[in-house]
Amino acid sequence: MDYYGCYLQAMHTLLRQADEPFWARQIAKDLDLWEQRQSVAAHLARYGEADSLDDLYLQPPARRWSDPGQRTWANVLYTKLRQLCHAAAVAIERGEPVGPPGLVSGLPQVLHGKRCAACGSMRATQYDIDMYIAPRVLAQEIAAKLELGSLEQVVNDCLSMRFPTILPARRRIHDILTCSGIDISERDHFDGTCEHCAGETMAACSWSATQQNRPDGGKIVFTAVRA
């Protein structure tokens, strides 16, 4: 399977649908160079400099993506495809084989939010939750669709938020947060003011999912790893 070509094609589809015509054209050129000359030099040159692919953040017009979650998921997908394209191009340049992507590497191990230093209340936003689950869901979808030769379907499903696993994954994290005593903020990006004590004492905090040690196996909860 031409993994590199599949990654480039999916990247092109994503950039085109995200209203990034300049970068969509550049990736289209890279795809042509690969198909016609088996060359990756031009693509590798698009990394590492100012205003490169490394710096791109997808921000299409709000009328296109009315759900704030769409932007989050699209940028997580973009980051993953960018990493896959670059890694494949580097391997080809070195004469190494390009294989399928791994499911585990690079997945976030903690969920980020905020904790009040005064009253101890903890809070996460939907953005925090999506940044935790999106890499996992997308890694699974990419692996499954890639083997079927339909990687571009991941782009379409992501931009329309049609993954059947999104809502169950969100509900699962919501439930774990609630069991862990962590509030879920209605605001996407809250300020430093605590909604419980009104103090301006909210600070960054991270939690990892752990299994409670009980005879019945216990339930999964989030515990603080850094405040």
Side-chain angles (χ1 to χ4, degrees), residues 1-18 20 23-24 26-48 52-58 69-111 129-170 172-173 208-209:
M1 175 178 288
D2 179 11
Y3 290 105
Y4 177 59
C6 289
Y7 299 152
L8 283 179
Q9 187 61 61
M11 173 76 89
H12 176 260
T13 299
L14 175 59
L15 293 171
R16 181 170 48 80
Q17 294 193 28
E20 291 289 346
W23 283 112
Q26 305 315 304
I27 298 301
K29 292 177 183 178
D30 296 345
L31 187 57
D32 287 340
L33 286 171
W34 171 245
E35 293 175 344
Q36 297 173 13
R37 306 179 189 175
Q38 299 291 285
S39 173
V40 298
H43 186 69
L44 287 174
R46 306 198 192 284
Y47 297 90
S52 68
L53 284 172
D54 296 316
D55 301 318
L56 181 61
Y57 183 81
L58 305 181
Q70 289 175 287
R71 183 170 299 177
T72 302
W73 282 73
N75 277 284
V76 172
L77 177 58
Y78 167 71
T79 299
K80 183 62 176 177
L81 289 176
R82 185 191 68 211
Q83 293 169 343
L84 290 173
C85 287
H86 182 261
V90 169
I92 292 168
E93 185 78 358
R94 293 174 177 173
E96 300 170 354
V98 178
L103 286 176
V104 179
S105 61
L107 295 182
Q109 301 303 307
V110 296
L111 188 151
I129 294 169
D130 281 343
M131 287 298 293
Y132 182 76
I133 65 174
R136 289 166 166 76
V137 172
L138 289 172
Q140 295 171 348
E141 291 291 335
I142 286 172
K145 294 297 192 297
L146 188 61
E147 293 306 312
L148 295 174
S150 56
L151 186 56
E152 289 177 85
Q153 186 61 46
V154 176
V155 176
N156 297 327
D157 289 345
C158 181
L159 297 186
S160 62
M161 303 289 282
R162 282 203 304 260
F163 291 129
T165 51
I166 289 181
L167 290 180
R170 281 176 167 175
R172 175 172 169 75
I173 299 303
S208 63

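Numbers here simply count residues along the sequence, with the first being 1. We use all heavy atoms of the structure for the numbers below, so side chains are in, but hydrogens, waters and symmetry mates are not.
To the nearest 0.5 Å, the span separating SG on Cys85 from CD1 on Ile27 amounts to 6.0 Å. Going from atom OG1 of Thr165 over to atom CD1 of Ile133 covers 8.0 Å, rounded to the nearest 0.5 Å. The CZ atom of Arg82 lies 11.5 Å from the CG atom of Leu14; values are rounded to the nearest 0.5 Å. Rounded to the nearest 0.5 angstrom, Asp2 CG and Gln38 CD are separated by 7.0 Å. Atom CD of residue Gln17 and atom CD of residue Glu20 lie 13.0 Å apart, to the nearest 0.5 angstrom. Note that CD of Glu93 and OG of Ser39 are 7.5 Å apart. Values are rounded to the nearest 0.5 Å.
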Take Arg46 and Asp30 through the test side chain to side chain contact (heavy atoms under 4.5 Å, CB included) and record every step on the way to the result.
-> CA-CA 10 Å; Arg46 306 198 192 284; Asp30 296 345; 2.8 Å; yes
Decide side chain to side chain contact (heavy atoms under 4.5 Å, CB included) for Gln9 and Thr13; before the verdict, give the C-alpha distance in whole Å, the side-chain angles of both, and the deciding distance to 0.1 Å.
-> CA-CA 6 Å; Gln9 187 61 61; Thr13 299; 3.9 Å; yes
Apply side chain to side chain contact (heavy atoms under 4.5 Å, CB included) to Trp73 and Leu138, showing your working.
-> CA-CA 9 Å; Trp73 282 73; Leu138 289 172; 4.2 Å; yes
With side chain to side chain contact (heavy atoms under 4.5 Å, CB included) as the test, would you mind laying out the steps for His86 and Leu53 before giving the verdict?
-> CA-CA 10 Å; His86 182 261; Leu53 284 172; over 6 Å; no
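Between Pro135 and Asp130, the shortest heavy-atom distance links the atoms CD-O, 4.1 Å. Shortest non-hydrogen contact noted between Pro168 and Pro164 is CD-O, 3.2 Å. Across Gly5 and Leu31, no two heavy atoms sit closer than the pair O-CD1, 3.8 Å. Between Val40 and Ala89 the shortest heavy-atom distance is CG2-O, 3.6 Å. Across all their heavy atoms, Leu159 and Ala74 have their closest contact at CD2-CB, 3.7 Å. A pairwise comparison of heavy atoms in Tyr7 and Gly99 identifies OH-O, 3.6 Å as the closest pair.
The side-chain heavy atoms of Leu56 and Leu15, taken from C-beta on, include a pair separated by under 4.5 Å.
Test Leu58, Val137, Ile142 against Leu77 for side-chain contact (heavy atoms from CB on, under 4.5 Å) and you get one pass: Ile142.
At distances below 3.5 Å, not a single donor-acceptor pair connects side-chain atoms of Asn75 with backbone N or O atoms of Tyr57. The backbone N or O of Tyr47 lies less than 3.5 Å from no partner atom in the side chain of Asp54, so there is not a single donor-acceptor pair.
Within the structure, the salt bridge (Lys or Arg N to Asp or Glu O under 4.0 Å) test picks out the following pairs touching residues 144-163 (sequence neighbours left out): Glu141-Lys145, Asp157-Arg162. Sorted by first then second residue, the ring-ring contact (aromatic ring centres under 6.0 Å, His included) pairs that include residues 132-164, not counting sequence neighbours, are Tyr132-Phe222.
Every residue two or more places apart in sequence or in another chain that forms a ring-ring contact (aromatic ring centres under 6.0 Å, His included) with Trp34 is listed here: Tyr4.
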